[in-house]
4 protein chains.
Amino acid sequence: MEKFRNVGLIGRAGSQEVIDSLIVLKRYLVARGLTVVLEQEMAEVLPEHGLQVSTRECIGEMCDLVIVVGGDGSMLGAARSLARFSVPVLGINRGRLGFLTDILPHELEWKLTEVLDGNYTTERRFLLDTIMYRNGEPIGEGSAFNDVVVSSGEAARMIEFETYINDQFVYSQRSDGLIVSTPTGSTAYSLSGGGPIMHPDLDALVLVPMFPHTLTSRPIVVNGNSEIKIVFGMENQIFPVVTCDGHDKIEAEPGDSVTIKKKPHELTMIHPLDHNFYAICRDKLQWGNRLFE
Amino acid sequence: MEKFRNVGLIGRAGSQEVIDSLIVLKRYLVARGLTVVLEQEMAEVLPEHGLQVSTRECIGEMCDLVIVVGGDGSMLGAARSLARFSVPVLGINRGRLGFLTDILPHELEWKLTEVLDGNYTTERRFLLDTIMYRNGEPIGEGSAFNDVVVSSGEAARMIEFETYINDQFVYSQRSDGLIVSTPTGSTAYSLSGGGPIMHPDLDALVLVPMFPHTLTSRPIVVNGNSEIKIVFGMENQIFPVVTCDGHDKIEAEPGDSVTIKKKPHELTMIHPLDHNFYAICRDKLQWGNRLFE
Amino acid sequence: MEKFRNVGLIGRAGSQEVIDSLIVLKRYLVARGLTVVLEQEMAEVLPEHGLQVSTRECIGEMCDLVIVVGGDGSMLGAARSLARFSVPVLGINRGRLGFLTDILPHELEWKLTEVLDGNYTTERRFLLDTIMYRNGEPIGEGSAFNDVVVSSGEAARMIEFETYINDQFVYSQRSDGLIVSTPTGSTAYSLSGGGPIMHPDLDALVLVPMFPHTLTSRPIVVNGNSEIKIVFGMENQIFPVVTCDGHDKIEAEPGDSVTIKKKPHELTMIHPLDHNFYAICRDKLQWGNRLFE
Amino acid sequence: MEKFRNVGLIGRAGSQEVIDSLIVLKRYLVARGLTVVLEQEMAEVLPEHGLQVSTRECIGEMCDLVIVVGGDGSMLGAARSLARFSVPVLGINRGRLGFLTDILPHELEWKLTEVLDGNYTTERRFLLDTIMYRNGEPIGEGSAFNDVVVSSGEAARMIEFETYINDQFVYSQRSDGLIVSTPTGSTAYSLSGGGPIMHPDLDALVLVPMFPHTLTSRPIVVNGNSEIKIVFGMENQIFPVVTCDGHDKIEAEPGDSVTIKKKPHELTMIHPLDHNFYAICRDKLQWGNRLFE
């Protein structure tokens, strides 16, 4: 008997590669006798598909498995909208290997057979909830799978803020902003800002200062259950901005504060048995390349 | 005979410390029999001063020496407006030592006597001219003493651009932007972004990538006479922004290009004889502090 | 009734400050009616002390509390020798604040009263065991509280090695070596090599490459229960060296391997109630100092 | 008429690729009617060559052009021994592109024809002289094309020293050591230690601290004509070591000093007309690879 009977297909339909993968996926899943539900955006690029079409939320509720077709960016969006359902997700990349979408088009049928036959590993990854407060009242919120970035909103422009971790004062910082990243996000923006790589099973957050005016400000790794609070100085002359995974922009005023902490629901990711975080790092970060002979 | 007969006073009058220094300066210079010219902004905070008041440009033209009272930011503005005149400048800080304003209030009279008596060193520092082009036509320009920052305009948002140095293609980069800094700017924003410190007498520019998507993108130091050209990709979905010393924002469209090169006129800075770049670094960067015992 | 009845005093007796603190400590503890046991080294600098003298191991076995007088280096040694006993330790610094020795001489009596009255916090910190293998047989071992450094033994000389984490291949690296650090060590050598600061309660290790030939080699933070294995390439022309907290040098031959993992026993550290990791960081790393105005 | 009549062949004969290139080179040069002089080491791997054999020094004196076959390391050695002669050098790599040996085996004949026909560019690069002093007397010296590394000699072990630039005190530093690099060396060890890339035509040196105990110690770029002096503290418990291009180890005692400055003779490198420093950077540093999509 099939473990996954209802399979949702979601993604970002921006390229022929995605459509090609969708056609292969649909044929394969239907032939296997599974019920396939298409998200609206996918349905539009797959004419005469003859499948059920639904919203992402309904897919999250009704399916046993969701397959995300696209790049890591597609998986970020899927994670934010699906984490509160218990449905596991599987990522298929359009072309090259991603940190989150780790099945390539040419290995699609073979790897999918493996997974649907029950030969897979699961991995639980946490997300972040961020809430902005003004005079003690929440005025905005957002979800992030990779990172929450608190900044001046403008490039090369500083803000001043205080950081607290579990209500302990950490520092008053002048910088372009602060990146608060999950292990998932540690190979994304945080890494380009000098943060460490964190293994996905690590229960930790990293705080990476952006262009800090204090040269001794370094990335700090803290327990994943920590609550990070950022309080914007009253003397800021510009309105700070908080973004989640580069989206969901929330604008702050001087004196506002932002809390960032783990979301109550985690995302379950499904991987083929040969999935290996370090192998993806070796590929994406070109660890085989050497400067000298 | 006095070497400097007409002395201009300019700065940013934001604090009591500046006013205090101005009062001391005025009394000292007048007592010495020198002609003192106040910039408008300074005149406003110094009631009943009885001195000639003038624009910054006229001060640049008529004076033999300009004294800048304020922080390093005040000197940046003074440098941009005075570089095209041949007048030398001297910086007095409001409170603590600056990289550019290296006379402290408590040593004002003593150091000034030294300088006016002819006991000083001069240092020539170059500035940058930046011009933005659209379809081959210049559409905006700016001057910088510290740095030209080319970015997406928004924090944590990437742009894609090509960099050329003296018409040689360097790289196509995806990043939050690029800092092009003079030696003067190498201890400012560039340093907080991982750039090297460059001695002020070095004839060089440094290009520092901001959150580059390619981890092997490192700061590059090139000859100070190089022309840097940045071409914005047509596929940018946002309008890149160029700022000079954090001001003079110029907005670009996809396909525009920006050239950055040394300004024809240099600024002459005057320092007391005991001025020492490394001593300022030791003080400002706390080189005496150690992590371990 | 006293919670701690038998108090051991250990440390490194290299300065008058240590002797001064010892005299204060002895008088205070004896007056409080406690049994004080001196380590041999301390006894030598404290003539006519009239106290019991013992080895560090016996102190570990018989005492309820051990007070370490010295710098962070003294605490490293104490941690390595005392971790296998369940005795908690308290650190008193000779002069300035340490990350591990967080009571200052001038606050000694006041803070000690607090602790002995039962008003303190405890913190459990893990150490590392490292074992070197040749042809499958262990040929050397060491303990570390801060870090295990695997290197060429010589500065500016590369070795080639493979790294495995929990038997998963991570990379084959050419570099001067690798630092494997605990959270405790994350503010020491690892930090000067570009590693992140890790909060002491984090259950994690960080691997920091030393001068890697691959520029995309970045610090990696992994679960504290990971087993790190390093295998030296057969083609190394020099004999790699492993050091633990900068001591316990073990020399390897090409083809040897080293495993590093958490020690079964943790060290219990005692701190005054106002102890705060971030406050120590602010002090030691001068987080209040700013580059710009 | 031939511009280069006497061509020396030197290199490191460690592989079949080098021998293959040597055979092609010899045939090509002899066919062109040029006088070819082999260095001893090359002669040994090329039996029955029928060519004149000579020392490296005689080659430097008698030849109009020296071709170096090998990797960048071979060019370092050639540069150190040939810089004092005015002979230009050309580098042929064994397999992959080098920063200094920029002709590949498969393009050997074509590029060589270009160069020998007079179609080439020349580039002048400077080297460093380093002298160690004890009680004011020189006790050792060395030459470097890439870098002079001053260190504890041991990995992960600190020394304490004072640095002076043109007799100006810079800092007293505790660290594993200091790298002083030329622009040529800026893409080698210095880069792996966080130093900037410097264009080869830049007249500058960079000082890169190795694992500094002061987190605000950053790479410093200074004028290429600067004299760097390093004075070892009397309290060092270990004997510092100075290496030039990773060779020529000179051992110091506490209190000794080392001066590093530009060598009077520069090396002339010859490149094919399409040689481009940034193209080599793009290739070696994989600037086309991106972390994100």
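Chain letters run A, B, ... following the sequence lines, proteins first, then strands; residues in each count from 1. On a predicted model such as this, the values are computed, not experimentally measured, just so you know. Computation of the quantities below employed the complete heavy-atom set of this structure, encompassing side-chain atoms and omitting hydrogens, waters and symmetry-equivalent molecules.
Heavy-atom minimum distance, A:Q168 versus C:H275: NE2-O, 4.5 Å. Minimum interatomic distance between A:V170 and C:W287 (heavy atoms only, all atoms of both residues): O-CE3, 3.7 Å.
Interface remark: C:F277 contributes no atoms to any contact with chain A (heavy atom separation under 4.5 Å). For a residue to count as touching a neighbouring chain, one of its non-hydrogen atoms must lie under 4.5 Å from one of that chain's; by this rule C:I220 touches chain A with backbone and side chain alike.
With chain A as the partner, the residue from C:V221, C:L207, C:N223 showing the most heavy-atom pairs under 4.5 Å is C:V221. Ranked by heavy-atom pairs shorter than 4.5 Å toward chain A, the options C:G195, C:G194, C:S217, C:C281 are led by C:S217. Between chain C and the residues A:L202, A:I197, A:V208, the most heavy-atom pairs under 4.5 angstrom are made by A:I197.
By the 6.0 Å contact criterion, NZ on A:K263 is enclosed, its count of non-hydrogen atoms from other residues, nucleotides or ligands being greater than 12. Few gaps surround NZ on A:K111; more than 12 heavy atoms of other groups in view lie less than 6.0 Å from it.
Side-chain contact between C:F169 and A:N276 is absent, with no heavy atoms from C-beta onward closer than 4.5 Å.
Between the CG atom in C:D201 and the OG atom in A:S226 there is a gap of 6.5 Å [rounded to 0.5 Å]. In this structure, the separation between CZ on A:R218 and OG on C:S190 is 10.0 Å, given to the nearest 0.5 Å. With values rounded to the nearest 0.5 angstrom, C:T214 atom OG1 is found 10.5 Å from A:L285 atom CG.
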